[in-house]
Amino acid sequence: MAPAARPGWPPEPLHLLLYGSGMARFIFSRLAIGLVTLFVVSALFYLGTEMLPGDVATAILGQSATPANVAKLRLSLGLDQPSWLRFVNWLWGCLHGDLGKSLASGRPIATLLLPRLGNTLFLAACAALIAVPLALTLGILSALHEGKATDRASSALSLGIISMPEFLVGYGLIIVLSVHLGWLPSLGTVFPGMALGLRLKAMALPILTLTLVVLAHMLRMTRATILAEMAAPYVEMARLKGLDRRRIILAHILPNASGPIIAVVLLNLAYMVAGAVVVETVFVYPGIGQLLVDAVTKRDLPTVQACGLVFAIVYVGLNTGADVLALVFNPRLRHRR
Amino acid sequence: MQDKRYPHLAASGFTLDRRRFLTGAAALGLGAGLLPGLSGRAFADGPVSGGTLRLGMSGGSTTDVLDPRTLTDWVPVNVSYQIYNGLVEIDETNQAVPELLESWESKPGAAEWIFNVRKGVTFSNGKTLDADDIIYSINLHRGETTSGIKSTLAAIADVAKVTDSQIKITLTSGNADLPFILSDYHLMVVPKDFTDWANPIGTGGYVLESFDPGVRIVTKKRDGYWKAGRAYVDAIETTVIGDTTARTNALLTGEVDVINRLDPHAIDMLKGNDAISVTRNSAGQHAVFLMNCTAAPFDDVNVRMALKYGIDRQKIIDTVLRGYGVLGNDHPIPRTSPYHADLPQRAYDPDKAAFHLKKANLSSLSVDLSVSDAAFAGAADAGVLYQAAAAKAGITVNVKREPADGYWSNVWMKAPFCASYWGGRPTVDQMLSVAYLSDASYNDSFWKRPDFDKLVIAARTELDDAKRKELYFEAQKQISDDGGAMIPMFIDYLEASASHVKGVGTHPQFDLMGQRIGEKVWLEG
């Protein structure tokens with residue numbers, strides 16, 4: 001795609017930045033919108049936690065919440081400051097890479113968050129490694145065999161699973177695979193220094209649950225997009241040329257359908273990270289979702305904020321990624337008409 | 001996330017409620033029927049050493065620290081008892097027995113006490129225990145501190161060293177129950193000047209191996225533990241499992257050996273399973289419907305009596321607790337306490353309720369009852385059952401469901417009629433002092449009677465047991481016949497263990513054998 005006479009200097013990324021092109025401008029505007037979204041989300045998160053009844057001092061002290069103790073703790077936690085000031089301070093810290101300290105335990109949030117985030121990402125990555133290829137293959141197969149038994153079976157199955165909340169899928173798997181058959185552990189507890197084999201075994205059911213939950217969405221989207229393209233004139237042309245259905249789908253439709261498919265895959269990846277809260281709770285998997293639940297019950301505002309920020313970054317980042325990748329895969333979007 | 005037994009602890013406004021000092025259980029054999037693991041055969045084999053005990057517990061979070069002053073949840077308390085020792089232990093018959101304090105005596109009047117420190121005990125860093133360590137550990141909770149038992153220990157005027165193995169405690173006024181007060185789980189013993197709570201040093205049977213708060217905590221047995229006949233297992237893995245279903249599943253699939261806080265509704269499912277034993281700790285934890293004695297219509301004792309007769313206690317126990325509870329008689333002292341007043345059991349009686357209503361010059365009565373599962377698991381259901389029963393006596397109980405979040409700060413001691421609960425206390429005096437004395441900070445029924453106060457204060461220094469019993473009998477009778485706390489039931493703690501865990505028993509204070517299960521049980525096979 002590069003223009004034939006482009007000079008060697010400046011290198012392409014810088015060149016794009018300086019002289020602009022459709023794509024660079026597009027990416028920058030996406031990033032800018034992403035940042036604004038992040039700000040709005042963190043403000044909303046903050047408002048939401050502020051509106052919860054009770055405060056962190058009584059939540060931390062629990063049984064020891066005598067009025068004197070509460071007053072003392074509130075002062076030492078800086079809760080006497082107005083809430084907007086605390087929000088601004090927090091935001092300022094974040095911009096400098098300082099997520100602050102947990103109100104409840106006094107430990108730096110980054111040290112709490114990073115291992116948990118690592119666990120969640122590892123879980124999501126494992127599930128994605130299985131779910132994405134499987135969903136695409138099954139989706140393409142369904143489209144190939146539209147209306148036949150395989151297509152109907154996969155439609156019925158995926159519709160069934162997509163209609164079930166993930167905790168139900170999780171409990172169902174536990175009952176069958178752990179309690180009755182005893183093949184896999186029901187507890188997803190992992191810890192630092194755990195052997196990889198053991199870790200994967202503990203994670204097997206959470207991975208399977210996540211896979212099943214996101215599989216259906218991606219599968220159906222792949223199938224629907226391909227079938228929608230079927231009606232396009234160029235497909236008719238290909239068919240008139242005498243190409244077989246398999247070749248039409250793989251060589252002609254798939255590149256054109258890739259935009260929506262990539263978007264739904266990336267959205268599902270985001271869902272696996274942010275939506276893992278439920279799966280992590282069912283399987284007691286120590287990821288960021290559990291941390292968030294813990295932090296909410298303790299009114300640990302900075303930790304809740306940090307978790308919210310991470311989720312927002314994942315969502316916004318993957319969404320932006322989806323837009324950009326769609327562009328890369330679809331030349332028509334790259335050049336402004 | 002969904003553990004209904006726990007959220008109320010996190011947001012509570014009680015001073016002592018998580019402690020749930022439960023008074024007595026095993027002595028009356030209340031739990032024996034459910035304890036196949038406690039058969040004579042199991043004991044005849046004798047304890048064996050070795051193996052790893054895996055506990056699956058609710059009551060832990062990422063914020064847990066092993067600082068004795070901040071102990072508020074069950075996982076850190078349990079782990080602390082693996083690593084540290086207390087001053088005094090409460091045995092299964094609810095007696096205060098020596099732990100690091102080897103023996104004690106009080107001067108007449110029970111205001112001055114001499115305690116002897118156990119000799120030959122070493123910390124895991126090699127230091128030998130002496131009086132300075134004990135004094136430091138007590139003083140962590142006195143003076144400038146946010147410790148949960150600061151107010152309890154305010155009764156201590158002075159802690160002084162007599163010799164290296166003897167201390168003297170002076171109280172502001174006499175209290176015959178001091179050894180019980182010193183059994184509090186906050187009073188873990190650490191070396192003098194110790195502050196490194198991330199690397200705890202104690203005299204307990206185990207040392208910290210890894211600490212991943214809210215996830216998993218591992219301790220390893222150490223050499224030369226001073227207690228004979230304790231600390232059999234080589235290591236203890238405590239996994240935090242907040243979700244009740246996940247906890248039960250983990251036990252069923254053999255991933256953990258013991259779980260706490262069993263859902264009564266899950267018991268029927270476990271009953272037919274030979275590989276699992278259920279333990280029932282009947283003790284002092286009780287549900288209470290609080291009437292504000294200073295607010296109309298509850299300021300009329302006849303209204304209070306009408307409401308006390310208008311509830312079907314047995315039905316609530318059978319339905320909400322699936323039978324895992326004991327009838328309450330509108331006073332907070334459980335049957336397991338030696339001072340329990342055996343008053344005639346108040347039963348559901350719509351006629352009597354109507355009679356008392358008439359005495360109050362009312363033909364009908366309509367009251368709002370605030371409930372939430374934060375008060376106790378099943379409180380909302382109990383409220384609805386109450387509503388149905390009271391209707392037959394001409395009393396309309398409007399059940400108001402309140403959010404569990406903020407229940408203790410927004411509803412408790414604010415709504416004139418609301419559900420609540422109290423954990424038990426090791427002594428009658430503590431229970432009555434915390435919630436029933438006229439000037440008690442948690443006098444949550446706003447019931448004030450000077451003659452009652454006199455009884456409680458007189459009993460405190462009464463060393464003659466028979467006389468003390470009389471005083472406490474009168475005090476309980478007054479609460480039952482006049483007070484604003486309607487106590488329908490005492491709620492059992494339920495826990496379950498795999499049958500290869502031997503030596504499991506009940507405890508009158510709290511579940512998991514007073515949270516000391518780690519050093520008490522052994523594994524077979």
Side-chain angles (χ1 to χ4, degrees), chain A residues 52-55 58-70 72-73 76 102-107 112 115-116 119 167 170-171 174-175 178-179 182 184-193 202 277-278 280-286 289-291 293-300 303, chain B residues 1-2 6-7 9-19 56 60-65 69-73 144-151 186 198 210 212-216 218 237 239-243 245-250 252-256 403 405-410 423 441:
Chain A
L52 288 171
D55 78 356
T58 50
I60 292 176
L61 288 171
Q63 53 161 304
S64 345
T66 61
N69 274 354
V70 170
K72 201 172 155 193
L73 191 66
S76 74
S102 156
L103 285 187
S105 66
R107 283 189 281 258
L112 284 174
R116 296 302 190 96
N119 283 347
F167 66 85
Y171 284 143
I174 288 178
I175 287 175
S178 318
V179 177
L184 291 168
S186 69
L187 267 191
T189 306
V190 297
F191 47 89
V277 176
V278 177
E280 285 176 5
T281 306
V282 168
F283 293 102
V284 202
Y285 183 79
Q290 274 222 322
L291 183 69
V293 172
D294 251 19
V296 169
T297 51
K298 295 267 174 183
R299 298 288 177 282
D300 192 348
T303 309
Chain B
M1 191 164 91
Q2 272 298 327
Y6 256 78
L9 296 176
S12 114
F14 289 105
T15 27
L16 296 153
D17 71 352
R18 271 191 218 188
R19 215 162 321 146
S61 71
T62 40
T63 55
D64 292 339
V65 184
R69 290 168 295 189
T70 65
L71 292 178
T72 46
D73 238 342
E144 271 301 295
T145 173
T146 53
S147 168
I149 51 163
K150 183 182 172 174
S151 56
H186 288 86
S210 76
D212 194 353
V215 181
R216 184 173 175 271
V218 183
E237 271 178 33
T239 306
V240 181
I241 313 177
D243 186 79
T245 314
R247 209 158 55 243
T248 314
N249 279 333
L252 279 173
T253 56
E255 289 160 72
V256 296
D405 244 349
Y407 187 80
W408 301 111
S409 40
N410 302 331
S441 42

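Quick note on labels: first sequence line is chain A, next is B, and so on, each numbered from 1. Note that this is a predicted model, so its numbers are computed, not measured.
- The contact between B:D212 and chain A is made entirely by side chain atoms (from C-beta outward), counting heavy-atom distances below 4.5 Å.
- Looking only at heavy-atom pairs under 4.5 Å with chain A, the residue among B:V240, B:V218, B:T245 that has the most is B:T245.
- Side-chain atoms of B:T62 and A:D294 include a donor-acceptor pair closer than 3.5 Å.
- Only the backbone of B:T145 comes within less than 4.5 Å of a heavy atom of chain A; no side-chain atom from C-beta onward does.
- Atom OG1 of residue B:T253 and atom CD1 of residue A:I175 lie 12.0 Å apart, to the nearest 0.5 angstrom.
- Only the side chain of A:Y171 comes within contact range of chain B, with heavy atoms under 4.5 Å apart.
- Listed for the B:E255 side chain is a donor-acceptor partner under 3.5 Å among the backbone atoms of A:L187.
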Test side chain to side chain contact (heavy atoms under 4.5 Å, CB included) applied to B:D243 and A:V282, step by step: CA-CA 7 Å; B:D243 186 79; A:V282 168; over 6 Å; no
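- Between chain B and the options A:S178, A:P185, A:G193, A:G170, heavy-atom pairs under 4.5 Å are most frequent for A:P185.
- Residues satisfying the salt bridge (Lys or Arg N to Asp or Glu O under 4.0 Å) criterion with B:E237, sequence neighbours excluded, are B:R216.
- Across all non-hydrogen atoms, the minimal contact from B:V215 to A:V190 is CG1-O, 3.8 Å.
- The greatest number of non-hydrogen atom pairs below 4.5 Å with chain A, out of B:S61, B:P213, B:A246, is found for B:S61.
- For A:S186, the parts lying under 4.5 angstrom from a heavy atom of chain B are both the backbone and the side chain.
- Rounding to the nearest 0.5 angstrom, the gap separating the OG1 atom in A:T281 from the CD1 atom in B:I241 is 13.0 Å.
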